[in-house]
Amino acid sequence: MKLDFVHISDIGQHLGREVTVKGWLYNKRSSGKIHFLQIRDGTGVIQGVMVKNEVGEEIFALGDRVTQESSIIVRGLVKEDQRAPSGYELGVTGLQIVQLTQDYPITPKEHGPAFLMEHRHLWMRSSKQHAILRIRDTIEQAIHAYLHKEGFIHTPAPILTPTACEGTTTLFQTDYFGEPAYLSQSGQMYIEATAAAFGKVYTFTPAFRAEKSKTRRHLTELWMMDAEASYFEHAENMQCQEGMICAIVERVLNERQFELKTLERDTKPLERIRAPFPVISYKEAVELCNKAGVPIRYGEDFGAPHDTAIAGSFERPVFVDRFPAEIKSFYMQPDPKDPSVVLGSDLYAPEGYGEIIGGSQRIHDLDLLLKKMEQHKVPYEPYKWYVDLRRYGSVPHSGFGIGIERTVSWMCGLQHIREAIPFARMLEKIYP
RNA sequence: UCCAGCGUAGCUCAAUGGUAGAGCCCCCGGCUGUUAACCGGGUUGUUGUAGGUUCGAGCCCUACCGCUGGAGCCA
């Protein structure tokens with residue numbers, strides 16, 4: 001076959017020309033002497049129309065034999081046609097079967113979640129899964145673009161760490177040349193160091209949580225984007241988060257309408273997302289929950305029903321600000337007006353998708369940090385390097401971390417977080 | 001770890017304690033515009049495992065295993 005090879009996503013630019021598409025057979029319908037081949041190539045799906053009188057017996061027989069998910073190279077004339085699912089179709093002139101697939105497990109009918117997850121390596125070829133992972137890519141691109149526009153640079157953080165970042169009960173432990181090492185739960189503390197070197201930085205890292213959580217919102221391996229900025233105070237930090245969320249929503253709405261439609265995502269709630277986001281204090285959030293009939297005492301952290309009550313009261317993402325110091329990490333800067341609370345906020349997504357961002361201003365005063373470490377029983381030796389940052393040119397600084405899969409779930413309107421990542425790692429599940 | 005629900009054909013599901021079935025997939029045949037195509041025919045089972053109750057168990061009981069959802073914890 002000749003070389004004028006095109007991607008299906010660009011097919012509209014080749015109207016009236018004979019082109020070659022390399023891909024897989026997504027589905028086939030046949031009506032006597034016409035085969036309708038739904039061809040996918042990773043960039044899109046196009047209908048190939050194969051007419052017996054036009055291609056001859058031999059090629060038509062190939063079209064008869066080709067099965068779902070066989071890899072194929074198809075040659076054809078690009079046409080516009082209202083009867084085709086995408087508006088364009090390929091008048092097939094040639095077909096080459098690269099590999100003939102037998103008994104593809106995922107059929108065009110319904111399957112249960114256990115079966116689909118067992119075949120995740122194949123399931124991601126299906127249109128909805130494909131749409132989700134495209135949107136995920138767009139979200140990640142939007143984050144990179146927004147942060148670079150704001151002057152941040154990407155500085156990777158390590159995944160193997162000698163110590164716990166937060167808590168010790170939910171860590172995955174591994175062996176590092178005879179010493180225990182842990183899979184990182186967050187890159188945050190490391191980018192406090194790179195922030196002191198570069199000013200504004202961020203990192204994409206997987207975060208590992210060995211929690212025995214078995215819900216639609218939990219993974220044991222999730223992706224976080226942590227950002228950190230020197231000379232950034234709490235209010236600026238929140239403004240940056242708000243700007244980033246708006247940039248994500250805008251880009252997904254602009255570039256991924258087809259995928260949102262595939263997912264049957266109602267985009268109206270997304271179109272309402274614009275700055276400024278409401279900000280309520282932890283104290284106000286507690287009062288809101290109690291009024292909404294979801295009781296909680298001051299000093300307790302929010303559970304799933306509280307998330308829903310808080311986020312459900314607003315059409316835009318809402319910041320809950322100034323949590324009590326005792327339920328947050330040791331490094332958070334106390335509020336100068338009320339030292340019992342910290343300059344730390346969580347951002348809750350609308351529509352019940354829960355907490356997607358946690359951020360705070362970090363303690364920059366050496367003595368205060370040492371005091372807080374002692375109070376929280378954080379050992380000094382393994383964190384000596386972290387304390388050093390307060391010893392050598394310490395400045396006020398702030399940062400935040402966003403959970404990528406929760407953001408993807410929200411944007412796509414997913415029922416379960418396992419679909420937001422190509423290979424979900426969940427409680428006692430590691431195949432495929 | 002705890003609570004609830006569910007395990008029947010490759011998949012999705014039926015089946016008063018009384019002969020295990022349908023649709024899809026797959027195979028054969030038909031159809032020149034299909035849209036999860038359609039129409040006709042065909043193949044497919046140690047009913048999760050082990051024990052128990054019963055004349056008789058897919059169905060009732062016990063234990064175990066697996067799956068799904070939720071709680072706590074968290075993003």
Side-chain angles (χ1 to χ4, degrees), chain A residues 26-38 45-55 60 63-65 67-69 79 81-87 89 91 101-119 122-123 126-128 165-171 185-186 188 205-226 300-307 327-329 346-349 353-359 400-410 415-418 420-421 426-429:
Chain A
Y26 191 63
N27 197 7
K28 180 174 72 175
R29 291 180 282 269
S30 182
S31 176
K33 311 240 169 358
I34 303 185
H35 295 312
F36 298 94
L37 310 173
Q38 311 303 321
V45 178
I46 190 167
Q47 172 162 276
V49 182
M50 184 189 273
V51 182
K52 193 173 188 177
N53 286 348
E54 294 169 9
V55 294
F60 195 78
D64 200 39
R65 216 172 73 219
T67 53
Q68 188 192 358
E69 284 303 322
K79 302 173 188 172
D81 197 310
Q82 288 306 309
R83 293 169 296 185
S86 72
E89 63 180 28
T101 288
Q102 300 292 352
D103 299 319
Y104 187 69
I106 301 176
T107 66
K109 283 281 177 179
E110 283 166 40
H111 300 285
F115 178 82
L116 290 169
M117 285 306 287
E118 212 37 38
H119 295 84
L122 305 174
W123 187 26
S126 302
S127 62
K128 284 194 181 177
C165 198
E166 309 168 22
T168 49
T169 53
T170 61
L171 282 169
Q185 293 188 315
S186 161
Q188 183 221 310
T205 44
F208 301 91
R209 308 279 164 95
E211 286 156 10
K212 301 260 184 193
S213 298
K214 208 183 162 192
T215 78
R216 68 177 72 186
R217 291 154 76 159
H218 288 85
L219 295 168
T220 57
E221 180 181 317
L222 58 116
W223 282 80
M224 296 267 290
M225 191 292 295
D226 283 287
E300 290 177 335
D301 213 343
F302 301 118
H306 307 108
D307 288 12
I327 58 170
K328 286 292 180 183
S329 298
D346 286 347
L347 184 71
Y348 292 86
Y353 283 94
E355 186 186 342
I356 54 171
I357 294 182
F400 63 92
I402 180 170
I404 301 299
E405 287 77 19
R406 284 209 180 157
T407 306
V408 173
S409 293
W410 167 42
Q415 293 300 307
H416 200 298
I417 199 163
R418 65 186 157 215
I421 184 167
M426 291 178 299
L427 186 58
E428 285 160 11
K429 272 215 171 341

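Each chain gets a letter, A, B and so on, in the order its sequence line appears, and its residues count up from 1.
- Of the candidate nucleotides B/A71, B/C74, B/C25, B/C74 has the atom nearest to the side chain of A/D307.
- Residue contacts shown for A/I34 include a base, since a base heavy atom lies under 4.0 Å away.
- Residue A/P85 is in base contact, counting any heavy-atom pair closer than 4.0 Å across all strands shown.
- Between the A/H416 side chain and the A/R418 main chain, a donor and an acceptor come within less than 3.5 Å of each other.
- Nucleic acid contact for A/I357: sugar-phosphate only, since backbone atoms but no base atoms lie under 4.0 Å from a heavy atom of the residue.
- B/U68 atom C1' lies 17 Å from atom CD1 of A/I417, rounded to whole Å.
- With contacts defined as side-chain heavy-atom distances shorter than 4.5 Å, the pair A/F400/A/Q188 does not qualify.
- The residue A/I402 sits apart from the nucleic acid: no heavy atom pair falls under 4.0 Å.
- Straight-line distance from the CZ atom of A/R216 to the P atom of B/C73: 19 Å, rounded to whole Å.
- Within the 4.5 Å cutoff, the side chain of A/M117 has heavy atoms near those of the A/M426 side chain.
- Put simply, CZ on A/F115 is 17 Å from P on B/C24, counting in whole angstrom units.
- At a threshold of 4.0 angstrom between heavy atoms, the contacts of A/D81 include nucleobase atoms, whether or not backbone atoms are also involved.
- Taking side-chain N and O atoms only, A/K214 has no distance below 4.0 Å to OP1 or OP2 of B/U1.
- A/Q47 comes within 4.0 angstrom of a nucleotide base, judged by non-hydrogen atoms across all strands.
- Under a 3.5 Å cut-off, the side chain of A/Q38 and the backbone N or O of A/R29 do not form any donor-acceptor pair.
- Look at OH on A/Y26: it is 11 Å from P on B/A36, rounded to the nearest Å.
- For RNA chain B, if you chain together Watson-Crick or G-U pairs that step i with j, i+1 with j-1 and so on, the runs of at least three with distances under 3.5 Å are B:1-7 with B:65-71, B:10-13 with B:21-24, B:26-30 with B:38-42, B:48-52 with B:60-64.
- Spacing between B/A4 and B/A9 at atom P, rounded to whole Å, works out to 27 Å.
- Among the nucleotides B/U34, B/C74, B/C31, the one closest to the side chain of A/R29 is B/U34.
- Here the side chain of A/E405 pairs a donor or acceptor atom with the backbone of A/W223 at under 3.5 angstrom.
- Among the heavy atoms of the strands lying under 4.0 Å from A/G112 are primed sugar atoms or P, OP1, OP2 only; no base atom is included.
- Put simply, CG on A/D103 is 17 Å from P on B/C24, counting in whole angstrom units.
- When the P atom of B/C74 is taken as reference, atom CE of A/M224 falls 13 Å away, rounded to whole Å.
- At the heavy-atom level, A/H119 lies nowhere under 4.0 Å from the strands shown.
- The side chain of A/P108 has B/A36 as its nearest neighbour among B/C73, B/A71, B/A36.
- In this structure, A/D346 CG and A/K328 NZ are separated by 3.5 Å, a value rounded to the nearest 0.5 Å.
- Using a 4.0 Å heavy-atom criterion, one finds that A/S31 contacts the bases of the nucleic acid, with or without backbone contacts as well.
- In this structure, A/S30 reaches the bases: a heavy-atom distance under 4.0 Å links it to at least one base atom across the strands shown.
- Residue A/R217 places no side-chain N or O under 4.0 Å from the OP1 or OP2 atom of B/G72.
- Across B/U34, B/G33, B/U68, the shortest atom-to-atom separation from the side chain of A/Q38 is found for B/U34.
- Straight-line distance from the CD1 atom of A/I327 to the P atom of B/C73: 10 Å, rounded to whole Å.
- If you check every strand for non-hydrogen atoms under 4.0 Å, A/H35 touches nothing.
- Comparing A/Q68 and A/F36 along RNA chain B, the residue whose closest nucleotide (by nearest heavy atom) sits nearer the 5' end is A/Q68.
- The base of B/C11 lies outside donor-acceptor range of the side chain of A/H111, with no N or O pair under 3.5 Å.
- Panel note: side chain A/T67, backbone A/Q102; no donor-acceptor pair is recorded below 3.5 Å.
- The interatomic distance linking A/K79 (NZ) with B/G33 (P) rounds to 14 Å, in whole Å.
- Using a 4.0 Å heavy-atom criterion, one finds that A/E89 contacts the bases of the nucleic acid, with or without backbone contacts as well.
- In this structure, A/G32 reaches the bases: a heavy-atom distance under 4.0 Å links it to at least one base atom across the strands shown.
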